[in-house]
Amino acid sequence: MVIVLISLVAAAYGAAAGLLLPKVAYRLAVEPGEPWRFDCPRGHPLTGWLGTARCQGAAYGPDPVRTAVLTAVVCGALAGAAGNVPEAAVWALLAPFAVLLALVDRAVHRLPDVVTLPLAAGAVALLGCAALAPGAAGSWRDGLLGGAALAAGYFVLFLINPDGMGFGDVKLALALGVALGWYGWGVLLVGAFLGFLYGGLYGLSLVLRGRAGRRTALPFGPFMAAGAFTGLLLGGLAA
């Protein structure tokens, strides 16, 4: 009963957070080197960063309902899998930022520093606090090592093929590695592998349908996040 309550509370928080994401996702979805958007598609000045993206009754940017549902499912599932432990709150707090990055990367193939770096810092700080609380089911030290290891691995891939792997992926790997490493090296490897598997399967499906070629660039952030999501679910359930 307690786990169900935790999951429902996290899902409610995720839904509320998801409703706030469309406007900031729209404002951050710009090409590298361009300033953040300050006007709606009709040219009207934007006020604030959070909330649904609407102008004179017309919606723009990510769909708020779908975003809210997605964020609610992610937060609720992660918190429910973790159970009555302090890191459940950490996953729920961080998940909306991962969803935001996936939305932006899907739109413009970019993972902005203004989100990836605070996400990594937040993962380190919040899991450090969780490690001090009673009942924690993971290791902060392993989380730090996992973050360094996954970021280093992605950095090597970036050096080998900078056209296929962006530096934003390296920074996102730091945050995801900290989270996955919390549950140990096995979960880290599973989460990292699944990210590549999901991305590979999606790319293959596009090629088979004639919608992409072998050299077509794909946003990898959403698949990294999906792989980490699956790894955290497995890690939470196992713990």
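Both backbone and side-chain heavy atoms feed into the values below; hydrogens, waters and symmetry mates do not.
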Would you call [X] and [Y] a side-chain contact if the rule is heavy atoms closer than 4.5 Å?
X      : Y      : value
Ser139 : Tyr183 : no
Trp49  : Leu20  : no
Leu174 : Leu150 : no
Leu197 : Phe193 : yes
Asp105 : Leu172 : no
Phe223 : Leu194 : no
Leu111 : Val104 : no
Val30  : Arg37  : yes

Query raised in the report: Hey, is CD1 on Ile3 packed in by over 12 heavy atoms from elsewhere, all under 6.0 Å?
Result: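 Incorrect, the count does not exceed 12.
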Query - Atom CZ of Phe97 with >12 non-hydrogen neighbours under 6.0 angstrom - result: no
For [X], ring pair (Phe, Tyr, Trp, His ring centres under 6.0 Å) partners two or more places apart:
X      : value
Phe220 : Phe196
Tyr60  : Tyr26
Phe158 : Phe167
Tyr198 : none

For the residue pair [X] and [Y], what are the closest heavy atoms and their distance?
X      : Y      : value
Glu34  : Arg110 : O-NH1, 4.4 Å
Val124 : Leu144 : CG1-CD2, 3.8 Å
Ala95  : Val74  : CB-CG1, 3.8 Å
Leu119 : Ala175 : CG-CB, 3.8 Å
Ala136 : Ala131 : CB-CA, 4.2 Å
Leu176 : Ala225 : CD1-N, 4.1 Å

Spatial distance of atom [atom1] ([X]) from atom [atom2] ([Y]) [nearest 0.5 Å]:
X      : Y      : atom1 : atom2 : answer
Glu87  : Leu232 : CD    : CG    : 10.0 Å
Lys23  : Arg54  : NZ    : CZ    : 11.5 Å
Phe155 : Ile160 : CZ    : CD1   : 11.0 Å
Thr230 : Leu180 : OG1   : CG    : 9.5 Å
Arg106 : Leu218 : CZ    : CG    : 12.0 Å
Ile6   : Leu78  : CD1   : CG    : 13.0 Å

Please say yes or no: joined through hydrophobic side-chain contacts below 4.5 Å, possibly via intermediate residues, are [X] and [Y] part of one cluster?
X      : Y      : value
Val115 : Leu46  : no
Val114 : Val99  : yes
Leu94  : Leu50  : yes
Met224 : Val156 : no
Trp185 : Trp140 : yes

Report task. Can you label the angle between the Trp91 ring and the Trp182 ring as parallel, tilted or perpendicular, going by 30° and 60°? Result -> perpendicular
**Report entry** Pairs satisfying side chain to side chain donor-acceptor pair (under 3.5 Å), at least one member in residues 145-157, at least two apart
**Finding:**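 Checked against side chain to side chain donor-acceptor pair (under 3.5 Å) - neighbours excluded - no pair reaches residues 145-157.
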Query - Pro22 backbone acceptor or donor facing Thr67 side chain under 3.5 Å - result: no
Query raised in the report: Within the side chain of Ser7, is there an N or O that forms a donor-acceptor pair under 3.5 Å with the backbone of Val4?
Result: no
Query raised in the report: salt bridge (charged side-chain N to carboxylate O under 4.0 Å, His left out) with Asp113: which residues, sequence neighbours excluded?
Result: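 Here the qualifying residues are Lys171.
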